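As structure tokens, the structure follows; a few thoughts come after it.
None of the values given here were measured: they were computed from a predicted structure. Lettering follows sequence order; numbering is per chain, from 1. Computation of the quantities below employed the complete heavy-atom set of this structure, encompassing side-chain atoms and omitting hydrogens, waters and symmetry-equivalent molecules.
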There are 2 protein chains.
Amino acid sequence: MEAELQVTFRALSDPTRRAILMHLHQGDMTIGEVTDKFDITRAAIKKHLTILEQGNVISVQVRGRERINHLEPMALQPVSQWINSFSTFWDERLSNLQTVIERNEKNK
Amino acid sequence: MEAELQVTFRALSDPTRRAILMHLHQGDMTIGEVTDKFDITRAAIKKHLTILEQGNVISVQVRGRERINHLEPMALQPVSQWINSFSTFWDERLSNLQTVIERNEKNK
DNA sequence: CCTACATAATACCTTTTGGTATTATGTTTA
DNA sequence: TAAACATAATACCAAAAGGTATTATGTAGG
């Protein structure tokens with residue numbers, strides 16, 4: 001459990017990797033496509049993608065000679081839960097969400 | 001904004017530091033008291049506390065010759081918000097929380 | 001005031017991280 | 001099948017991180 005948490009936290013702890021996740025949020029991308037979004041070499045991007053994959057934050061599908069990188073947002077859940085285990089914070093959030101949910105109900 | 005996110009993520013990215021936060025969740029502690037919970041030197045603990053302080057995740061109050069370390073759970077909010085910005089995940093969480101809130105309502 | 005003790009500061013070492021460069025491998029496609 | 005192209009693998013470098021050891025400093029209390 002702690003081990004899982006750690007690989008995920010490690011994956012998220014670098015600004016470049018978080019930026020990659022944001023890009024993948026728009027849709028799946030090959031290594032080359034990801035590289036085009038940044039000013040660093042493909043090999044460096046590849047290293048980041050490997051760490052993201054180890055953290056289960058992305059999944060990779062090999063298609064022909066390409067590797068398609070796909071965001072796995074559910075992997076963020078353990079991190080979110082860890083954060084929410086600090087109850088003071090949790091209570092505060094809960095009341096904020098109450099408002100959000102009520103607003104959603106009205107729009108139905 | 002990214003800068004703030006980064007210092008917080010950095011603070012959380014180490015297992016020892018997360019364990020320190022869990023201990024501080026029980027109550028404020030001096031450096032010595034925190035050290036007693038671990039098997040590493042006081043100097044190493046102090047370095048971790050400095051990084052936690054830079055991430056605004058704890059605050060420090062100097063009292064006489066002691067430094068009282070205090071948890072600041074609200075600092076986790078930007079990280080939580082970043083995670084929730086991945087909407088697939090968010091939608092899933094929202095419905096879970098709906099359940100939690102409804103249960104709370106019944107207990108009032 | 002002076003001694004004991006908690007924290008601070010500094011120097012130093014090892015490992016990890018982020019990156020580049022280069023070479024190899026495998027897959028299309030003309 | 002050969003050439004072009006995308007990814008993989010390896011070696012290497014510099015900087016940062018995590019840690020210990022040691023010395024300095026400041027504060028409480030007898």
Is any side-chain N or O of [X] closer than 4.0 Å to OP1 or OP2 of [N]?
X       : N      : value
B:Arg67 : C:dA8  : yes
B:Thr41 : D:dT20 : yes
A:His48 : C:dT17 : no
A:Arg42 : C:dT20 : no

Taking the minimum atom-to-atom distance to the side chain of [X], which one of [options] wins?
X       : options                : value
B:Ala43 : C:dT20, D:dT20, D:dG18 : D:dT20
A:Lys47 : C:dG19, D:dG18, C:dG18 : C:dG19
A:Thr30 : C:dG18, C:dT20, D:dT7  : D:dT7
A:Ile31 : D:dT7, D:dT20, C:dT20  : D:dT7

From CA spacing to verdict: side chain to side chain contact (heavy atoms under 4.5 Å, CB included), B:Ile68, B:Val60:
CA-CA 6 Å; B:Ile68 313 294; B:Val60 178; over 6 Å; no

Interatomic distance, [X] [atom1] vs [N] [atom2] [rounded to whole Å]:
X       : N      : atom1 : atom2 : answer
B:Asp14 : C:dT15 : CG    : C1'   : 14 Å
B:Phe38 : D:dG19 : CZ    : C1'   : 15 Å
A:Met29 : D:dA6  : CE    : P     : 14 Å
A:Leu49 : D:dA9  : CG    : P     : 14 Å
A:Asp36 : D:dA6  : CG    : C1'   : 12 Å
B:Arg10 : C:dG18 : CZ    : C1'   : 15 Å
A:Asp39 : C:dG19 : CG    : P     : 12 Å
B:Ile45 : C:dA8  : CD1   : P     : 13 Å

Show your working on salt bridge (charged side-chain N to carboxylate O under 4.0 Å, His left out) between A:Glu53 and A:Arg67 and close with a plain yes or no.
CA-CA 12 Å; A:Glu53 196 182 356; A:Arg67 292 168 63 88; 3.6 Å; yes

Does either side chain, that of B:Glu66 or that of B:Thr30, offer a donor lying less than 3.5 Å from an acceptor on the other one?
no

Residue whose closest nucleotide on DNA chain C lies nearer the 5' end, A:Ile40 versus B:Glu66:
B:Glu66

Do A:Arg18 and B:Leu5 have side chains that approach each other closer than 4.5 Å (heavy atoms only, starting at C-beta)?
yes

Contact class for B:Lys46 vs. all strands (heavy atom < 4.0 Å): base, sugar-phosphate, or nothing?
sugar-phosphate

Check whether the ring centres of B:His23 and B:Phe38 lie less than 6.0 Å apart, and answer yes or no.
yes

